[in-house]
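A note on names: the letters A, B, ... follow the listed sequences, proteins ahead of strands, and every chain is numbered from 1.
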Amino acid sequence: ADDEPAAAPGASGAAGPKQLRIGYQLIPNGDLIVKDQGWLEAALPGTKVVWSKFDSGGDVNTAIIAGAIDIGLAGSSPVARGLAAPLNIPYAVPWIFDVIGDNEALVVKPGIDSVAALAGKKVATPFASTSHYSLLAALAAAGVPESGLKIIDLEPPEIQAAWQRGDIDGAYVWTPVLAELRKQGKVLVTSRDLAGQGKLTADLAVVRKDFLAQYPAAVKTWLRQQDRAVKLTRSDKAAAAASIGKQLNLSPDEAAAQLAELVLLDLSEQAGADYLGKPGAPGKLAENLHSAAEFLTAQKKLTGAPDLAVYQSALAVQALADAA
Amino acid sequence: MPPELDTPVRAAADAVALTGVGHTYRAAGRDIIALDGIDLSVPAGGALAIVGPSGCGKSTLLRMVAGFLRPSAGRVLVHGAEVTAPGPDRGVVFQQPRLFPWLSVRGNIAFGLSGAFGLRNTSGGARASGLRGASGLRGAFGLGGRPRAEREARVAELLDLVGLADVARLKPYELSGGMQQRAAIARALAPGPRLLLLDEPFAALDALTRERLQDELRALWRRTGTTILLVTHSVDEAAFLGTRIVVLSARPGRIIHQEDSTLPYADQPRAEAEFTATRTRILEAVQAAVH
Amino acid sequence: MPPELDTPVRAAADAVALTGVGHTYRAAGRDIIALDGIDLSVPAGGALAIVGPSGCGKSTLLRMVAGFLRPSAGRVLVHGAEVTAPGPDRGVVFQQPRLFPWLSVRGNIAFGLSGAFGLRNTSGGARASGLRGASGLRGAFGLGGRPRAEREARVAELLDLVGLADVARLKPYELSGGMQQRAAIARALAPGPRLLLLDEPFAALDALTRERLQDELRALWRRTGTTILLVTHSVDEAAFLGTRIVVLSARPGRIIHQEDSTLPYADQPRAEAEFTATRTRILEAVQAAVH
Amino acid sequence: MHDPLPFRDRLRAAGLRFAAVAGAVAVWWAVARAQIWPPVFVPSPGSVWHQFLATSGLTGDGDGWAGYTLGEHLLASLRRMAIGCAYGVGGGIVLGLLIGLVPVLDTVLGPVVTFVRTLPPLAYLSLLVIWFGIDESPKVWLLLLAALPPVAVATADAVRAVPADYVYAARSLGAGRAQIPWRIVLPAAAPEILTGIRVAVGVAYTTVVAAETVNGVPGIGGMIRDAQRYNQTDVVVLGIILIGLSGLFFDALLRYAQRRLTPWRGRA
Amino acid sequence: MHDPLPFRDRLRAAGLRFAAVAGAVAVWWAVARAQIWPPVFVPSPGSVWHQFLATSGLTGDGDGWAGYTLGEHLLASLRRMAIGCAYGVGGGIVLGLLIGLVPVLDTVLGPVVTFVRTLPPLAYLSLLVIWFGIDESPKVWLLLLAALPPVAVATADAVRAVPADYVYAARSLGAGRAQIPWRIVLPAAAPEILTGIRVAVGVAYTTVVAAETVNGVPGIGGMIRDAQRYNQTDVVVLGIILIGLSGLFFDALLRYAQRRLTPWRGRA
Ligand SMILES: Nc1ncnc2c1ncn2[C@@H]1O[C@H](COP(=O)(O)OP(=O)(O)OP(=O)(O)O)[C@@H](O)[C@H]1O
Ligand SMILES: Nc1ncnc2c1ncn2[C@@H]1O[C@H](COP(=O)(O)OP(=O)(O)OP(=O)(O)O)[C@@H](O)[C@H]1O
Ligand SMILES: [Mg+2]
Ligand SMILES: [Mg+2]
C-alpha cells in the first residue's frame, strides 16, 4: 500500500482541487510527518496545499462551518458535538489520526490510591476536551458521582501551576504537562485503559462532505499519505520522530517518547470493526461518538444525541476502502 | 446666516437691535439675573461703548449679539435678522484672548482668511477689510478665497498693526498677556467683519500701546463703516470711540444712562472740550451704577 | 524656605534684591531675551511699581521673584535668601486669574488658610493678615491651623473686601472676568504673605472698583508692612502705590527709569501736587521706552 | 464643548434609545430568521430569551447553568470586577501620579508600566496561578492588571497637562510639595483620569472571560466559555448581553460622576 | 506640568534606565537560580537568550520556530498590529468625534460603543472566523476591535472638553459647521486623543495572543501559544519580551509625537 506518490496525480488528474486547505494541530501523530515531509505537496502537484494551525477541535469545527478549511483535525468530543444538533456540520470522518493512549491520564497526588478515593477531592481538567470526557468516564466506571468531588476547569499550563502549589489533588490532562505531573504523582487511569473499556477517545480527521464528493481522488491521495506516515513511524521511528520533533520544536528523543504514547493505526487497521470499519459495516467508532453525544446530553451540553445512524453515516468508510 | 449679508447695507438701518433682552444664568442652585430689560440699538456704522461695573453683564450682552448665548428674554437682531448662531459677519475679541494654542500667532491671524471660507465672507469682507490710513497700511484687502500672496500680505499688515511682526512664529503660550490680546485683535480684524464685538480689547496693554490701538481702531471704523460694539472699563475709551455710550447698572444689568456723542468724528477727540464733559457725565453715571 | 522666615524681619533690609538678572526664553528656534541686566531692590515694607510696554518682561520678572522661573543670569534674593521655589512668604496674583476651577470662590480663597499649612505660614502670616481699616474689617486674623470659625470669618471678610460675598458659592467659570480677578486677589491675600506679587491685578476692573481696591491695598500695606511688587499699566496706579517706581524698556527689558516716591504715605496721594508731576515723569519714561 | 443653544429633551433621548434598541433587536431577529449565518452563530432572540428564563431560575423548568443561577454567575463576576477595578484604578492613579510627577520614576517606572501593559494575559495566566492559586485571587489580579494601565497612562498624561500655574499658585499659598498631588494635580487631572477609568472598566470587562478561564464557575465569563465550547451560542449571547448591559450601567454611573465632579470641562 | 526648574540630563536618564534593566535581569536571574518556582514557570535568562539565538537564525544551530525565524514571527504580528491599530485608531477618532459632536449620535451610538467595548474577544472570536475566515482578516479585526474603544472614548470625552470659546471664535471667523471638527475640535482634543491612542496600542498588544489563536503562525502570539502548549516557557518568555520591547518602542514614538504635536499642554 506504500504507493509511489506519483500514482496520485494520475488519479486526481485535471479534476483535482485548486487548493487543499488543511487545519492541523500540534499533536505528535502522522499528520505532522506528512506536513514536515511535504508528501502531500509532492503527491498533488496541481494543488496548492495550505496548512493552518488550530488550537482546539472547537476552532476546527468553526473553521469548517466558515468554509475556511477542507480537512481538519479534531478530537472525538468536538466531532461528536459537530455531528449533533445544533451544529450538524456536514463533514465526515475518513481517518483516525491517533487513538489517545498514555498521553492522557488521570494523575493524582501520592496517597490517593484509587479513583474511588477521589471523593471529596479537587480534580482539574480542561473542560470540553477528550480528557474531560475520559475523566468523567473513569469516575462513572468507578462509581464516583460527579457531585462527590470538585471538578475544576483549568487549561494545562494552569493545571501544572495549580498542581505545583498543591491547589488540586489530581488532574486528567495530556502531555507534556502530564509528564511533569507524573514526576510527583501517580497515574490512576490512562486513556489507553479507558479505550480498552470501550470509552475510546481519539483525534479524528474530518473532511467537508461536499469536498469529499467533489474530489474523492484528492482525499484518496491524502489518506495514502497519512497511511504512509503511520507506516514510517513503524519502519523508521527515528525519522518519524525527527519530523515530528521539528514541527513541535522538540528534540527527537522527546518527540519519540511522546509519539510512543499514542496509538497510531494504519490503513488496514483503521478499516477494522473496532474503528472506522468497512462499507456496509461501519465500525465501533460510530458507537463511540454516539455514546459521547449521549454523555454530553446527560451533561446538558447537548439538547439531544442524534441517532447512531447519523454517526455511522458520518464515517467515510468508502473513501477509506478506495484508498486501500 | 442673515440673508441681508449679500445685499448692500442700508446705512441708516440698525446694525444691532436688542428689545427687552434679559439673561439669567443658573449656578449653584439659584438663578443669577445677569441682564434685565435691555433695549438698545446701534445704527450701522455706529460705535456703541458699553460701560458698567464688574459683573454687570457686559460680556453676557456681547456674547448674545455674537450668537454664543441665547437671551432668556427678548430679541437680539443683527442686521435685521434674529441671531441664532455665531457668524463671520461678526468679529469677536473675547475678554480673555482665546487664541488657538495649536496655531502660531500668524496661523491664528490667518485663520479667518483661509480659502475655504471665501464664499461666506466676501460680502461682509468688503466692509472692514481696509486697514490703511493712520498706521500707514495700504491697499484694499482681499479675504478668504483670495490668492495666497494677498492673504499673506494682509497677515503681515495686521501683524504690523498690532506690533507682533517679530513674534509671528511664536505660539500663543509663548506670548506675554498683552501680546496675546493684540494677536486676538488682529485675528478678529482679519476677515473684515461688518460688525466688531470687542470685550475690553485693550485692558492688558500699556497706556501708549493702548492709545495707539484706539487711534487705529477709530481710523478703521471711520474708513470702512464697520459697526463697533465695545465693552470697556475706561471712561476715556468710551468717550473717544463711542458714538453712543451706554452705562449699565450693577447686577442685574439695566441701562441707567445712555447718550449719543459726535466726539469720535472729531479730528482730535481727546482735545475737544466736550471730551472732558462726556467723561465726567459717564463717570457720574458709573458711580451711580455701583452704589 | 528661607531661614529668616522664623525670625523677626529687619525693617531696613531689602525684601527683594535682583542683581544682574536676565532671562532668555527659547521659542520657535531662537532665543528671546526678555530681560537683561536688571539690578533692583525693594526695601522691606516698600512698594515697587513696575511699568513698561507690553511684552517687555514685567511678568517674567515677577515670576522669577515668585520662584516660578529661574533667571538665566544673575541672582534673585528674597529676604536675603536665593529664590529656588515658590513659597508661602510670597503671595502671587497672576496676570490671568488662574483660579482653581474645581473649587468655589470660597474654596479658592480658603485654600491658603487650610489647617495643614499652619506651621509654614504662621510667621509670615503675622505680617499681612490684618485687613481691617478702610474697609471696615476688624480683628487680627489667624491663619492656617487656626480654628475653623476664625478661618471662616477671615474668608468672609476677604469676600466682602473684593465684593464677592454674594457669589461665594459659584465656581470660577461662573464669574465674570473682573470677578475672577477679584477672587484671585482675595486668594493671594488670605494667608497674609510678607511679600505680595501683583501682576496687573486691577486690569479687568471698572474705574471705581479699581480705585476702591487700590485704596484697600494701600491701607493694608501701610497697616501690615507687607512688601509689594506691583506690575501695572496704569501710570496713576504706579504713582499712587509705588514707593519706588521702575520703568522698563521694550524687549529686552532694561531699567530705563527709576525713582523713589513718598506719595503712598500721603493721606490723599491723588490730591498731592507731586502726584501729577510723578505721573508725567513716568509717562515720559514710558514713552521713551516704547520708542 | 457645549452646544451654543443647549436643549435637553430627556424624553426624546429615552425615545431614541428605545427605538435604537428595538431596531437592533429587530435586525437581530431578521438576521437570525434569514439564517444568513448558521443558528449556532446567530441564535434567535427567542432562544436567548428562553435561555434567560431557564438559567435565571425565573421559571420552573430551568435550574440555572452549571449549578448556579444566572444571577449568581453575574454577581460572582461583578464582585471580581469590582475588586479588580477598585485596585486597578487605585493603583493606576497612584502609579500615574508618581510617573507624572517624579521625573526619576518616569524614567524608570514609565517603561516598566508600558512593558507590562503590552503583555498578553493569556501568556502569563499560569504565572498568576502559581502565585495566587486558583480561587478568587488570580482572577482579581488579572482584572486588576487589565484595569490599571489605562488609568495609569491617562493619569500620567493628565498630570503632565496640569497647568503649571496651578501648582505655582498652590505652592505660593503654602501648600507643601506633599500636598500638591492630592490638592492640585488630582483635581486638575480628574477629567482625564475619569476618562481613563471609563476605558479601564471597559478593558476589564473584555478580560472577564480570560480571567475566568481559571476555575471560573460561577462567573459569567466562565459560563460563556463553557457554553461556547459546547456551541450553546444562545447562552453565550445571553452572557454577552448581560455583560454589555452591566457595562452600560457602570459607564452611565461613571459619566454621571464625570459630569458632577468636573463641571468646568469645556468652560474653564 | 513642568518642573519649575527644568533640567534634562539625558545621559542620567539613559543610565537610570540601563541600571533598571540590569537590575531587573539580575533579579530575574536570581529568582530563576533560586528555583523558588520551577523552571517551567520561571526560565533562566540564559535559556531565554539561548532560545533567542536559536530562533532568530543568528546562529547556525537553530532554524527558527515552526519554520519561521523570530523576525518573521515578529514582523507578521507587527503587520497585523499596524493594520488593526490604524483602522482602530482611525475609526475610534471618527466615532469619537461623531459621538462628542452630535447629540443624537451620542444618545444612540454612545451606548452601542459602550456595549461593544465590554464584549470579551474570547466570546466572539468564532463569529469573526465565520465572518472573515481564518487568514489575516479575523486577526486584524480583533486587534481593530481592541484598539478602537479607548480611542473612541478618549476622543468623545476630549471633544466635550474643548473650550466652547474656540468653536465660537472659529465660527465667528467664518469656519462652517463642517470645518469645526477638523480645524478646531481635532487639534484642541489632540492631547487626549494621543493618550487614548497610547492606551489603545497597549490594549491591542495584550490581544495579540488571542488574535493569533486561530492559524496564528507565523506570529509572535501564535508562537507563544505553541510554546505554551509544549511547556517551552523560555520561548514564551522570549515572545513576551519581544512584545514588550516593541511595545516600548512604539510607545516612545507616540510620546514623542505627543510632545511635538501638542507642546502647549500644561502651559495654555
Ligand atoms: N457661566 C455662567 N454661569 C453662571 N453665572 C454666570 C456665568 N457667566 C456669567 N455669570 C454671571 O453673570 C453676571 C454677568 O457676567 P458678565 O461676564 O456678563 O459680566 P461683565 O459685565 O462682563 O463683568 P466684567 O467687567 O467683570 O467682565 C455675573 O454676575 C456672573 O456671576
Ligand atoms: N513661555 C515663553 N516662551 C517664549 N517666550 C516667552 C515666554 N513667555 C514670555 N515670553 C517672551 O518674553 C517676553 C516678555 O514676556 P512677559 O510676559 O514677561 O511680558 P510682560 O512685560 O509681562 O508683557 P505684558 O504687559 O504684555 O503682560 C515677551 O516678548 C514674550 O514673547
Ligand atoms: Mg466681562
Ligand atoms: Mg505680563
Side-chain angles (χ1 to χ4, degrees), chain C residues 1 5 59 62-63 65-69 85-104 107-122 124-125 143-145 170-175 180 184 187-193 195-197 199, chain D residues 1-4 6 93 96-97 100-104 154-155 158-197 254-268:
Chain C
M1 225 56 48
L5 254 184
S59 299
L62 217 69
R63 295 176 83 88
V65 176
F68 306 163
L69 264 183
D89 54 328
R90 282 153 287 153
V92 181
V93 175
F94 294 78
Q95 192 167 5
Q96 257 97 43
R98 302 284 187 230
L99 297 169
F100 304 127
W102 56 92
L103 295 177
S104 65
N108 268 280
I109 297 175
F111 188 94
L113 298 174
S114 37
F117 306 163
L119 280 174
R120 295 173 170 274
N121 281 358
T122 320
L143 289 157
L170 298 200
K171 292 283 175 67
Y173 56 88
E174 294 167 332
L175 302 183
Q180 288 181 25
R187 179 178 72 170
L189 291 178
L195 173 59
L196 263 178
L197 306 171
D199 199 347
Chain D
M1 241 184 65
H2 299 267
D3 208 45
I93 291 177
L97 282 178
L101 287 171
V102 189
V104 175
T155 304
V159 167
R160 289 187 200 104
V162 172
D165 278 355
Y166 287 163
V167 177
Y168 297 151
R171 298 268 290 149
S172 297
L173 288 167
R177 271 190 191 283
Q179 294 177 312
I180 295 297
W182 308 112
R183 297 200 56 180
I184 301 299
V185 175
L186 213 51
E192 298 177 42
I193 294 177
L194 280 164
T195 302
I197 293 176
L254 285 170
R255 281 190 60 172
Y256 178 77
Q258 213 169 17
R259 266 200 309 280
R260 291 308 297 266
L261 293 176
T262 61
W264 68 88
R265 280 215 112 182
R267 311 210 259 174

**Study point:** Proximity breakdown for Ile184(D) and chain C, heavy-atom pairs closer than 4.5 Å
**Key:** both
Review point. Heavy-atom distance under 4.5 Å to chain C: side chain of Ala188(D), backbone, both or neither?
Key: both
**Study point:** chain D contact via Leu103(C) - which portion, at a heavy-atom distance below 4.5 Å
**Key:** neither
Practice item. Counting only heavy atoms closer than 4.5 Å, note whether Arg187(C) contacts chain D via side chain, backbone, both or neither. Key: both
Practice item. Assess whether side chain to side chain contact (heavy atoms under 4.5 Å, CB included) is satisfied between Val92(C) and Arg171(D), documenting all intermediate values. Key: CA-CA 10 Å; Val92(C) 181; Arg171(D) 298 268 290 149; over 6 Å; no
Point to revise | Within-4.5 Å side-chain heavy-atom neighbours: Leu97(D) and Trp182(D) | key: yes
Point to revise | Interface moiety of Ala184(C) toward chain D, non-hydrogen atoms closer than 4.5 Å | key: neither
Check your understanding: Taking the side chain as C-beta and beyond, is there a heavy-atom pair between Phe111(C) and Arg183(D) under 4.5 Å?
Key -> yes
**Study point:** Check: Leu195(C) main-chain N/O paired with Arg90(C) side-chain donor or acceptor under 3.5 Å
**Key:** no
Point to revise | Side-chain donor/acceptor of Gln180(C) to backbone N/O of Pro172(C), under 3.5 Å | key: yes
